[in-house]
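Convention: sequence-line order gives letters A, B, ...; per-chain numbering from 1.
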Amino acid sequence: MPHHEPMDGEGLPIPNRINAKPVRKTGQIVAAVIVALLAAMLIKGLITNPRLEWNVVWKYLFNENVLAGVGYTLLLTVISMVVAIILAVILAIMRKSLNPVLRGVSWAYIWFFRGTPVYTQLVFWGLFSVLIPKLSLGIPFTSVEFWSINSSEVITAFNAAWLGLALNEAAYLSEIVRAGLEAVDPGQTEAAQALGMKRSQIMRRVILPQAMRIIIPPTGNETIGMLKTTSLVLAVPFTLDLQFATNAIASRIYKPIPLLLVAGLWYLFITSILMVLQSRLEKHFGKGFEARRVRTKGDVPPSTTDSKIEKQDTVNKDNQATMLGLNA
Amino acid sequence: MSTSPATPSAAAEPAVKAVQVHKAFGDLHVLKGVDLTVAPGTVTVILGPSGSGKSTFLRLINQLETLTGGVIEVQGERIGVKRVEGKNGTSYLQTLTDKEIARQRSHLGMVFQRFNLFPHMTALENVMEAPVHVLKMDKREARALAVKELERVGLGERLDYYPAQLSGGQQQRVAIARALAMKPDIMLFDEPTSALDPELVGEVLGVMRSLADDGMTMIVVTHEIGFAKEVADQVVFMDGGVVVEQGGPEIIDHPKEARFQDFLQHVL
């Protein structure tokens, strides 16, 4: 594409190479001008509107309570997503298990945690040590007890916050993981079985790496969603996250708008970083699926007409699989 | 080296022996009593119209499907179930553990119609996968083995290509190399050329022919009549879930049964 010399990739000439100018599309230009105008008006309004009080925003953007809030929000997001992903994979594999008890438990879990509001769940985890004051390890239905601890020591506000978020998120994620697992061609399992691989190996080495391609984009979505859902932890109540920290300052100095902007800017900043991470991950797990250049030097990748058609075929199938994944 | 007789001698234990094999998927009765014996070192080609149950039969041998009735023995060992002694001298059949099934499968290599290569691994990684993770072979050793097997199928230059960067014929040859790396005694081919463009069929058949020349025991489900005539020691024609006719490759030129004659007319 980029070279204008009339040569193909192998250095053979292409006679009468066409270098036509693309036809001008007036509609596109008009639309671009209108959108640019609107954007300029929006930006001017944001900068010049005195009620937004940008000086207050700058003053509190790097306030130490705000920064601590950013830290806690990030920490809650990361911990609850990691725990949720592990739980979700287990739930999804249970859901596809041959054992009806495991299937049932997985179904019931998803039914309950997806079917009740996360806010309610967070309130419940906050009240956990009141409802169940003591956690103990022993023989069920007897008085034999090996070890016990007060709930309030384990289920602190912070632990209740990430636990509540993770358990809720796992229910949603497990459906995403399940769709990903189901989108992998059953022929892959058969080939791995025929090679003598164990069920756990097939899952880990063959199915999951391929399912990841389909799982990652919606999981990125969920992570960004989680970042903002952490603002609900005041239900526990956990009061050190970004939303609560900015709110507290706002009510102290009677300036809600600038502090909402502070919170918004930080959420946007973290989201942007997460998006970069997501696209990195997508690249990693996409290997072998995008027709990418091969490293071998001086070796011309096969580019016969029919192999191109086949490639097109697999791309189409991938798209179908993705659609399936999204629908499921 | 197809010197072995088409009819197995009594002394040699058959590589595969099927007796009155039945397979039903719910109400759908696909195989209705198939008998077949494959002698070691021979090539058996199974022909038949689609829906005749020939692929199902192959998948039963490798336990990708479970047997509904009858017995299949691979190298003298009954597959899928074992007889367990009960009380008072009685005995009953029990299904095998995953480990036992894996051991039985280790004698068999399988090649699929749709290749089923692992798309996230290069050709080399595809072939190394099972030696490293099933046979627990040292990585360097497995790599050397994989390179050797890929060279054997003529793909020594394509080690680091992903399946999507290979043509169909090349992908199928990688799949053959992947199966061979496990040193199977018997190779099963399930319509290995049916998903290929016509000009790519030859390269895959060529690899299979050289395997046969090396004395590999092979069971091949295919529509390639020419390959059957040239390479097979035994030809089996299946239709409607039963073996209609079987014999040496000469039966292709002189079919006795009307259904076989009819099939050949449509294929040739």
Side-chain angles (χ1 to χ4, degrees), chain A residues 98 183-214 283-318 321, chain B residues 59 61-65 98-99 101-123 125-127 129-135 157-171 175 178-179 181-182 184 188 190 195-200:
Chain A
L98 298 175
V184 177
D185 178 1
Q188 294 287 309
T189 305
E190 291 187 349
Q193 282 178 333
L195 288 168
M197 292 173 79
K198 284 186 293 191
R199 287 170 67 89
S200 57
Q201 283 178 325
I202 297 174
M203 187 52 77
R204 213 176 55 243
R205 307 236 1 124
V206 177
I207 309 296
L208 270 178
Q210 294 182 58
M212 286 308 268
R213 274 177 54 251
I214 290 157
K283 264 212 190 92
H284 174 76
F285 284 102
K287 72 180 176 186
F289 287 91
E290 44 196 280
R292 81 172 182 193
R293 279 228 163 240
V294 186
R295 298 151 276 179
T296 338
K297 257 195 203 158
D299 198 307
V300 184
S303 56
T304 52
T305 337
D306 49 86
S307 76
K308 260 187 197 147
I309 291 168
E310 270 166 35
K311 262 180 232 166
Q312 197 56 51
D313 266 7
T314 39
V315 169
N316 284 341
K317 243 192 281 138
D318 287 345
Chain B
R59 293 165 60 82
I61 299 174
N62 210 8
Q63 303 186 54
L64 290 176
E65 309 286 354
D98 288 349
K99 209 172 171 182
I101 293 174
R103 185 179 53 75
Q104 291 189 336
R105 276 182 179 139
S106 68
H107 303 292
L108 302 158
M110 182 137 184
V111 175
F112 298 86
Q113 182 178 352
R114 298 268 353 160
F115 327 136
N116 295 348
L117 289 180
F118 305 134
H120 56 302
M121 300 182 193
T122 62
E125 289 166 345
N126 262 281
V127 181
E129 180 65 19
V132 170
H133 290 100
V134 179
L135 303 179
E157 309 287 301
R158 294 282 186 266
L159 301 180
D160 294 325
Y161 280 56
Y162 284 96
Q165 296 165 322
L166 297 171
S167 75
Q170 290 170 334
Q171 288 187 53
R178 181 174 67 173
M182 295 298 283
L188 309 173
D190 187 6
L196 297 177
D197 290 320
E199 74 272 25
L200 302 177

*Heavy-atom distance under 4.5 Å to chain A: side chain of L117(B), backbone, both or neither?*
backbone
*Side chain, backbone, both or neither: which part of P163(B) has a non-hydrogen atom closer than 4.5 Å to chain A?*
neither
*Donor-acceptor pair, side chain of N116(B) and main chain of A191(A), under 3.5 angstrom*: no
*Within the distance-only criterion (no hydrogens, no angle test), does the side chain of E129(B) pair as donor or acceptor with the backbone N or O of A192(A) below 3.5 angstrom?*
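No: the side chain of E129(B) does not pair with the backbone of A192(A).
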*Could you walk me through whether E190(A) and R59(B) pass the side chain to side chain contact (heavy atoms under 4.5 Å, CB included) test, one step at a time?*
CA-CA 10 Å; E190(A) 291 187 349; R59(B) 293 165 60 82; 2.5 Å; yes
_Do M121(B) and P209(A) make a side-chain contact, defined as non-hydrogen atoms from C-beta onward lying under 4.5 Å apart?_
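Sidechains of P209(A) and M121(B): no contact.
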*Do the side chains of F118(B) and L195(A) get nearer than 4.5 Å, heavy atoms only?*
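L195(A) reaches F118(B) side chain to side chain.
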_Spacing of D98(B) atom CG and M197(A) atom CE [to the nearest 0.5 Å]_ = 14.0 Å
*asked:* As an exercise, state the distance from CD1 of I207(A) to NE2 of H120(B), rounded to the nearest 0.5 Å.
replied: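 Here the rounded value is 8.5 Å.
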_Option that, when pairs with chain B are counted at under 4.5 Å, heavy atom only, ranks first among K198(A), R205(A), R199(A)_ =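 Result: the option with the highest number of such pairs is R205(A).
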*What part of Q201(A) gets closer than 4.5 Å to chain B, counting heavy atoms only: side chain, backbone, both or neither?*
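The answer is the side chain of Q201(A).
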*Could you tell me which non-hydrogen atom of A194(A) sits nearest to which non-hydrogen atom of N62(B), and how far apart they are?*
CB-ND2, 3.5 Å
*Nearest atoms (heavy-atom pairs only) where G196(A) meets A102(B)*: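 Closest approach of G196(A) to A102(B): O-CB, 4.2 Å.
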